[in-house]
Structures are given as structure tokens and as C-alpha cells.
Amino acid sequence: MFSIYILTYNEELDIAGCIESAMLSDDIIVVDSCSSDRTVEIANRYPIRVVQHAFESHGRQRTWMLESLPPKHKWVYILEADERMTPELFAECEQVITTSEYIGYYVAERVMFMNQWIRHSTQYPRYQMRLFQHGKVWFTDYGHTEREVCEGATSFLKETYPHYTCSKGLSRWIEKHNRYSTDEAKETLYQLENGKVDWRDLLFGKSEVARRRALKDLSLRLPARPLLRFLYMYFLLGGCLDGRAGMAWCTLQAFYEYLILLKAWEMKYLPIPSLEPEIVPSSDSKQEVAKEELGSRD
């Protein structure tokens with residue numbers, strides 16, 4: 001058996017289905033980022049642990065969760081509210097953890113959009129670190145999301161999980177990716193100034209994860225990125241085979257890429273000044289601050 005963490009924020013439409021798919025485990029922990037809807041109310045209907053913690057970033061939320069909420073079992077699985085655990089995936093997880101020589105496993109997602117699986121234009125199989133030994137895998141921030149730091153050898157599972165990426169409607173998707181694009185723009189500027197392309201991983205990477213990350217580092221340096229992304233996804237990956245949903249998906253991803261590009265340009269050339277006036281402390285307040293600092297040293 002293994003424990004399952006479920007990460008949530010305003011997921012009242014998805015949380016019940018997610019929890020019910022995970023009930024194969026006897027230890028489920030919902031980690032909510034202080035939702036303002038009925039997510040916590042719905043989650044509390046189930047015999048599981050529900051904990052709230054203010055969200056800082058994807059990497060920090062996962063690190064806090066792993067450090068502060070010890071699981072019942074040695075192995076854990078991370079699930080998000082718009083994803084589902086399947087009986088087949090659960091059975092494979094149970095199988096590999098009994099005689100495993102690895103500390104973690106990557107699992108591929110099946111992106112569900114417009115009521116169908118977007119198989120071609122989503123780089124399937126696209127793997128995420130999901131099943132691992134507690135205390136052997138940690139997470140750091142990267143753009144709007146996170147990247148794992150593994151203390152040991154990892155491998156890949158054959159079974160996949162469905163990811164209902166637009167289950168709460170297109171407006172929610174656009175709102176979410178508007179926020180994501182800000183973090184991605186910051187990461188883009190940082191990588192252009194400090195990062196580099198790992199050509200060895202790009203050409204001879206040992207795994208899909210290594211090759212995909214090297215490809216992303218290369219894509220940051222290419223001109224006309226939104227157009228190139230659409231052409232790459234729609235024609236080279238075969239998004240045209242995904243029909244109407246594939247066309248919509250590729251168009252949305254190109255739009256997202258263009259938003260990142262525009263925000264990166266704005267951050268670099270048109271930095272927005274702070275609207276809050278600078279507060280210059282008076283001499284009395286400076287003395288109070290000095291007293292507090294001296295008191296804290298004692």
C-alpha cells in the first residue's frame with residue numbers, strides 16, 4: 001500500500017471525483033491552498049485527512065507537504081484534483097513498490113480536452129514524477145511549476161493517468177494560464193541570462209524527461225516561438241490527427257507561448273514601477289525598530 005497526496009485550490013468541481021478514484025488507498029491526504037469555494041467542505045465528507053496551507057509556489061507547497069504531513073506508508077503518490085487514479089495504475093504502483101530497486105517512478109499523463117484524449121499534440125507519453133519513497137524526492141520551483149530532485153535511481157511506469165486539463169471550463173483555463181505565463185516569463189529571462197542548452201540530452205537523452213527539458217531550453221532561444229510551437233505541435237507531433245480538439249489545443253498552446261513572450265519583453269524593457277509610496281520612517285520609529293532588533297538579539 002502507498003499513501004496519496006492530493007493538491008487542491010478551488011477544486012469544488014473536481015475534488016469528489018479525484019478523491020473517489022484514490023480511495024483504493026487507505027491513506028489519502030488533501031493539501032488545500034486555502035480555497036475560497038467548497039473544496040474543503042466536500043473533501044471533509046470523506047474519511048481522509050484534510051489540511052490547509054497558504055500557497056507560495058508549486059515547489060514550496062510540495063516541500064512543505066512532504067516535510068509537515070508524514071504519510072502512513074513508505075511510498076507516496078502525488079495526485080492533483082483534475083487528475084484521476086485508475087485501478088490499473090494503482091495495481092502497477094502496488095506491484096513495483098514491493099520489489100523496487102528505484103526510489104521513484106515517472107508516470108505519463110493522458111491530456112483530456114473537449115471530451116477526448118489529445119494523444120498526439122501533447123508529446124505523449126509526457127512523464128511526471130508521481131510515485132516515490134517518502135524522503136527520497138524533493139521539489140524546487142521552475143517557471144510556473146516545479147522540478148523534482150531525486151536522491152537515487154528512478155524509472156517509468158507503463159500505466160497512465162487521465163488529466164482533465166479543462167474540466168472547469170475554458171475561462172478558468174485562460175485565467176490560470178494568464179497567471180502561469182507571468183512565472184514562465186520570469187523563468188524565460190532567467191534562463192536566457194544564466195542557462196544553456198544541453199545538446200547531449202537533446203540528442204542522446206536517456207529519458208523522455210531529459211530530452212523534453214533540453215528541448216524547452218532550446219525553444220527559449222528560437223525566434224517566432226509561438227508560430228514554431230504551433231507548427232511543431234500540429235504538424236510534426238501530429239496534432240492534426242487529434243481533429244477539431246487538436247486544432248483548438250495547439251492554438252491555445254501557441255497563444256500561451258505568445259503571452260509568455262510578450263510578458264518577458266515587458267519585464268525586460270517596460271518594468272512596471274511600484275505604485276506604493278516609499279515610507280520613510282521617522283526618527284522615533286527608527287529608535288523603536290532598533291529596540292526591537294536589540295531585544296530579538298537577547
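If you read the sequence from its start, that first residue is 1, and numbering goes on from there.
In this structure, Leu215 and Tyr232 have side chains that are in contact, with non-hydrogen atoms separated by less than 4.5 Å. Contact check for Pro47 versus Met23: side-chain heavy atoms found under the 4.5 Å cut-off. Considering only heavy atoms from C-beta on, Arg179 stays 4.5 Å or farther from His144 through its side chain. The closest side-chain heavy-atom distance from Trp249 to Met114 is not below 4.5 Å.
Between the side chain of Gln123 and the backbone N or O of Glu208 there is no donor-acceptor pair closer than 3.5 Å. With Thr63 contributing its side chain and Arg60 its backbone, the two residues share no donor-acceptor pair below 3.5 Å. A distance-only check finds a donor-acceptor pair linking the side chain of Thr39 to the backbone of Glu12 [under 3.5 Å].
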Audit row: Met1, Ser25, side-chain contact (heavy atoms from CB on, under 4.5 Å) steps and yes/no: CA-CA 7 Å; Met1 185 61 67; Ser25 171; 4.0 Å; yes
Stepwise side-chain contact (heavy atoms from CB on, under 4.5 Å) check, Gln128 with Val107: CA-CA 5 Å; Gln128 307 287 340; Val107 188; over 6 Å; no
Worked check of salt bridge (Lys or Arg N to Asp or Glu O under 4.0 Å) between Arg213 and Glu148: CA-CA 12 Å; Arg213 290 178 177 176; Glu148 65 281 352; 3.0 Å; yes
Verdict with reasoning, Glu83 to Arg130, per salt bridge (Lys or Arg N to Asp or Glu O under 4.0 Å): CA-CA 12 Å; Glu83 302 167 354; Arg130 289 308 170 93; 2.5 Å; yes
From CA spacing to verdict: side-chain contact (heavy atoms from CB on, under 4.5 Å), Asp14, Arg84: CA-CA 10 Å; Asp14 277 322; Arg84 300 292 182 267; 3.4 Å; yes
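Partners of Glu159 according to the side chain to side chain contact (heavy atoms under 4.5 Å, CB included) rule, which considers only residues two or more places apart in sequence or in another chain, are Glu88, Leu89, Glu92. Phe90 is linked by a ring-ring contact (aromatic ring centres under 6.0 Å, His included) to Phe2, counting only residues two or more places apart in sequence or in another chain. Qualifying side chain to side chain contact (heavy atoms under 4.5 Å, CB included) partners for Leu252, counting only residues two or more places apart in sequence or in other chains: Phe113, Leu170, Trp173. Arg119 is linked by a salt bridge (Lys or Arg N to Asp or Glu O under 4.0 Å) to nothing, counting only residues two or more places apart in sequence or in another chain. With sequence neighbours excluded, the residues satisfying salt bridge (Lys or Arg N to Asp or Glu O under 4.0 Å) with Arg62 are Glu80, Glu146. Contacts of Leu13 classified as side chain to side chain contact (heavy atoms under 4.5 Å, CB included), with partners at least two apart in sequence or in another chain: Lys168. With sequence neighbours left out, the side-chain hydrogen bond (donor to acceptor under 3.5 Å, both in side chains) criterion links Glu94 to no other residue. Every residue meeting the side chain to side chain contact (heavy atoms under 4.5 Å, CB included) condition with Leu241, not counting sequence neighbours, appears here in chain and number order: His120.
Minimum interatomic distance between Ile118 and Gly246 (heavy atoms only, all atoms of both residues): CD1-N, 4.3 Å. Of all the heavy atoms in Leu131 and Val96, the pair that sits closest is CD2-CG2, 3.8 Å. For the pair Ala214 and Val197, the tightest heavy-atom approach, listed with the atom from each and the gap, is O-CG1, 4.3 Å. Val40 and Val50 make their closest contact through CG1-CG1, 4.1 Å (heavy atoms, listed as atom of the first residue, atom of the second, distance). For the pair Ser36 and Asn10, the tightest heavy-atom approach, listed with the atom from each and the gap, is N-OD1, 2.7 Å. Between Ile48 and Ile28, the shortest heavy-atom distance links the atoms CB-O, 3.4 Å.
Summarising the local packing, CZ of Phe55 is surrounded by more than 12 heavy atoms from other residues, nucleotides or ligands at distances under 6.0 Å. Counting heavy atoms of neighbouring residues, nucleotides and ligands inside a 6.0 Å radius, atom CZ of Arg244 does not exceed 12 of them. Heavy atoms of other residues, nucleotides or ligands lying less than 6.0 angstrom from CG of Asn115 number 12 at most.
One distance of note links SG of Cys93 with CE of Met85; it measures 5.0 Å at 0.5 Å rounding. Between the OG1 atom in Thr154 and the NZ atom in Lys136 there is a gap of 13.5 Å [rounded to 0.5 Å]. The distance from atom CD of Glu20 to atom CD1 of Ile15, rounded to the nearest 0.5 Å, is 10.0 Å. Atom OH of Tyr161 is separated from atom CZ of Arg110 by 10.5 Å, given to the nearest 0.5 angstrom. Atoms NZ and CD, from Lys186 and Glu184 in turn, are 11.5 Å apart once rounded to the nearest 0.5 Å. The CD atom of Gln191 lies 4.0 Å from the OH atom of Tyr142; values are rounded to the nearest 0.5 Å.
Follow the hydrophobic side-chain contacts under 4.5 Å out from Tyr105 and you reach Ile4 in the same cluster. Met247 and Trp117 end up in different hydrophobic clusters when Ile, Leu, Val, Met, Phe, Trp and Tyr side chains are linked at under 4.5 Å. Cluster annotation: Val111 is connected to Ile174 through the hydrophobic network of ILVMFWY side chains, with a link wherever side-chain heavy atoms come within less than 4.5 Å. Put simply, Leu237 and Met112 are part of two different groups of oily side chains (I, L, V, M, F, W, Y) that touch within less than 4.5 Å, one to the next. Leu218 is connected to Met233 through a chain of hydrophobic side-chain contacts under 4.5 Å among Ile, Leu, Val, Met, Phe, Trp and Tyr, so both are in one cluster.
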Less than 3.5 Å apart, which donor and acceptor atoms pair up between the side chains of residues 256-272 and the rest of the protein, not counting sequence neighbours?
{"from": "Glu257", "atom 1": "OE1", "to": "Arg229", "atom 2": "NH1", "distance (Å)": "2.7"}
{"from": "Glu257", "atom 1": "OE2", "to": "Arg225", "atom 2": "NE", "distance (Å)": "3.1"}
{"from": "Glu257", "atom 1": "OE2", "to": "Arg225", "atom 2": "NH2", "distance (Å)": "2.6"}
{"from": "Lys263", "atom 1": "NZ", "to": "Asn178", "atom 2": "O", "distance (Å)": "2.7"}
{"from": "Lys263", "atom 1": "NZ", "to": "Asn178", "atom 2": "OD1", "distance (Å)": "2.9"}
{"from": "Lys263", "atom 1": "NZ", "to": "Ser181", "atom 2": "OG", "distance (Å)": "2.9"}
{"from": "Lys263", "atom 1": "NZ", "to": "Thr182", "atom 2": "OG1", "distance (Å)": "2.9"}

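With a 4.5 Å cut-off between side-chain heavy atoms of Ile, Leu, Val, Met, Phe, Trp and Tyr, the cluster of Val31 takes in Tyr5, Leu7, Ile29, Val51, Trp64, Met65, Leu66, Leu69, Val76, Ile78, Ile103, Tyr106, Tyr127, Met129, Phe132, Val137, Trp138, Phe139, Phe156, Val209.
Sorted by first and then second residue, the side-chain hydrogen bond (donor to acceptor under 3.5 Å, both in side chains) pairs with a member in residues 26-35 read Ser3-Asp27, Thr8-Asp32, Asp26-Lys72, Asp26-His73, Asp27-Arg49, Asp32-Ser35, Asp32-Gln52, Ser33-Gln61; sequence neighbours excluded. Counting only residues at least two apart or in different chains, side-chain hydrogen bond (donor to acceptor under 3.5 Å, both in side chains) contacts with residues 196-205 are absent.
A donor-acceptor pair shorter than 3.5 Å cannot be found between the side chains of His58 and Asp141.
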